[in-house]
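Reviewing the structure listed below.
Here, residue 1 is the first one in the sequence, and each next residue gets the next number. Order of listing sets the numbers, starting from 1, for every ligand and every atom in it.
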Amino acid sequence: MKKRNIISIIVIGVSLMFSCSKPIVMGGYEVVPLPQEISLDQGEGFVIDPEVKIVYSEKSVAMKTNAWHLAALLKQATGNTLEITEDSETGKGIYLELDTTISSPEGYRIVTDREKVQVQASSAAGIFYGIQTLYKALPVFDKDKEQAAWPAGKILDSPRFSYRGVMLDVGRHYFPVDYLKQFMDMLALHHINTFHWHLTEDQGWRIEIKKYPELTKIGSKRKETLVDWQTKEMDGLPYEGYYTQEEIREVVAYAAERFITVIPEIDLPGHMTAALASYPHLGCTGGPYEVATTFGVFSEVLCAGNEQTLQFVKDVLTEVMDLFPSIYIHIGGDECPKERWKMCPKCQAMIRKQGILPMPGRTAENQLQTWFMTQVESFIREHGRRMIGWDEVLEGGMPPDATIMSWRGIEGGIEAAKKKHHVIMTPINYLYFSNPRILKLQGLETVKRVYQFDPVPDVLSTDEQQYILGAQASIWTEWIKDTSRLEYVTLPRLAAAAEIFWTSLRQKEVNYFLERLSRMLNIYTQRGYEYRQDTYEPYPQSEKVLY
Ligand code: ACM
Ligand code: ZN
């Protein structure tokens, strides 16, 4: 019998079984993202009664934390406080077991019968994704009157991509540490394993750098903020915020417990107005500069011909690398106008010193940017890390080891993959959750738009396709001032992104995804997320434009 048919017979619905007098409600494993293989059997399934124990087999902090996570999720969903134990002779329980025969580093297996749920993986990360799947596989039920159960059977799962990211811009608007932790939990629910933290912008420098205190003293504050693009109305309200190094470590540690790597971005040499306002000698003209209060692409950028600028960048990155253990460090490279460099004696002198000559399709200033980024890239590499840059870094030739984040479309990613550079796809027209044009989409279109994107372009050969590490949803916050708006643009689009990042292409089917999405929306409601409510409403709706 076809898998889907078996599942539809068994899944969700009040079972006639009774235990402890409370009726049992059966869940189902057809969650988001969809596991690779679901095979159910005719057994009774596993009832989550208050006597169930959570057993972890490995004496590692990560496995203990996993057990704690599962207990916390089940407490929230069922109301039961389940005992956590290392005793494998426990009897009825949920067993978290490391099993090195599972080849995918983030994959897992779940085997369920009446007495046991075994969650098995070769790494603690795999166990964590198994736990997330079990949580999402719970039924919708009334915990006061009913008991939840998981169907008997076996799940085999592993991700399609090793990089499954979400970027948040905290430069335009600042989000406090406590909220970022909740945001990490939201990412974990979607099997996201990378948080790209965009920490510096024209409108605010948000990371404490001990060697350059003015960056936060001056650069983290702006006079006011643009509120309307068309009328140019300003709000007249001072705005500020930054993360201390201690807070950064707290976020990194919280994310790590959820198997999320935090990649910091220091966006350079453009988008640096806040740094220039703090240290004006780093610009071509010497200023004065002001932290930006409006949005866009600004002509004031770091002076690439000034030796002190490179030293500044190296000093900042030294502290950044100390705070963030990630292999990747993002150094931006996007939207850097070259008009100042064309007029700057120092920049022009550096062009001559480096023997840079204009080439067809590559101005001397574009190549100066590549030279600058290459200096930074070597510095990062000497420290055992690797650089990521936005796709503009292709324009002057590429730093040797750069991983390219393709945002202006997929073309930059294609070019980079053909040149054997690693690629992360985050094209503006599918995966920018804050793109005002796309935000005009309503109803099902909002999630369908994301779901239809495939991170691996057909034009790449099988060899070239290996360079696509994965994809990322990116959230810019010019028009996102608070957490409620952030959640509105993120959810439920993130569910569609999660599925294209995790689930295999052969299982991709939009209507089936939309069926499963409704269970995810229930979880959003339970957790109090302020997600878009119009997902299943017909489209087009009113002409109201929300951005
Ligand atoms: C970007 O959206 N400027 C990377
Ligand atoms: Zn200059």
Side-chain angles (χ1 to χ4, degrees), residues 165-172 196-203 263 265-273 275-276 279-287 289 292 295-310 312-313 330-354 356 363-369 371-373 375 388-395 402-413 423-438 471-480:
V166 167
M167 186 214 78
L168 182 64
D169 159 24
V170 296
R172 275 58 176 264
H196 166 183
W197 200 358
H198 184 84
L199 282 160
T200 64
E201 258 306 335
D202 297 304
Q203 297 79 9
I263 296 181
E265 180 185 356
I266 304 297
D267 195 354
L268 56 95
H271 288 289
M272 270 279 161
T273 315
L276 294 179
Y279 294 98
H281 70 280
L282 301 175
C284 291
T285 65
Y289 307 99
F295 305 115
V297 177
F298 299 100
S299 52
E300 303 297 350
V301 301
L302 290 181
C303 176
N306 181 349
E307 302 283 356
Q308 285 177 301
T309 308
L310 199 51
F312 164 80
V313 170
H330 201 311
I331 56 171
D334 60 323
E335 298 180 321
C336 178
K338 306 296 187 298
E339 62 220 64
R340 290 288 178 268
W341 291 4
K342 284 196 177 109
M343 307 299 292
C344 172
K346 287 195 222 97
C347 286
Q348 291 303 313
M350 188 58 84
I351 286 174
R352 287 191 297 279
K353 185 173 169 192
Q354 300 305 326
I356 294 171
T363 65
E365 287 74 22
N366 278 342
Q367 294 177 75
L368 179 62
Q369 177 166 345
W371 172 80
F372 190 83
M373 301 302 270
Q375 301 305 300
I388 301 181
W390 297 107
D391 60 43
E392 284 93 330
V393 300
L394 290 157
E395 285 169 6
T403 292
I404 298 300
M405 200 167 258
S406 190
W407 75 274
R408 291 178 296 180
I410 56 171
E411 292 71 24
V423 171
I424 296 149
M425 289 293 192
T426 183
I428 184 167
N429 47 343
Y430 294 99
L431 291 178
Y432 269 29
F433 288 178
S434 44
N435 180 330
R437 289 231 322 269
I438 291 173
Q472 173 172 291
S474 295
I475 306 169
W476 301 96
T477 59
E478 287 94 333
W479 313 108
I480 300 172

Find out whether Glu300 and Thr285 are in side-chain contact, i.e. whether some heavy atom of one side chain is under 4.5 Å from a heavy atom of the other. yes

For Glu201, enumerate each residue passing the salt bridge (Lys or Arg N to Asp or Glu O under 4.0 Å) test, keeping only those at least two apart in sequence or located in another chain. Arg172

[X] side chain to [Y] backbone, donor-acceptor under 3.5 Å:
X	Y	answer
Trp407	Leu431	no
Glu392	Glu335	yes
Thr477	Val170	no

Once rounded to the nearest 0.5 Å, what's the spacing between atom CD of Gln369 and atom SG of Cys336? 4.5 Å

If you draw a sphere of radius 2.8 Å around the Zn ion (ligand 2), how many protein N/O/S atoms end up strictly inside it? 4

Donor on one side chain, acceptor on other, Trp371 and Gln354, under 3.5 Å: yes

Please state whether the rings of Phe312 and Tyr279 are parallel, tilted or perpendicular, taking 30° and 60° as the class boundaries. tilted

Atoms in ligand 1 flagged as close to Trp476, the criterion being non-hydrogen separation under 4.0 Å: 1 (C), 2 (O), 4 (C)

Near Tyr432 (heavy-atom distance under 4.0 Å), the atoms of ligand 1 are 1 (C), 2 (O), 4 (C)

What protein heavy atom is closest to atom 3 (N) of ligand 1, reported as residue, atom name and distance in Å? Asp334 OD2, 2.7 Å

Would you say Trp407 has any N or O atom under 3.5 Å from an N or O of ligand 1, going by distance alone? no

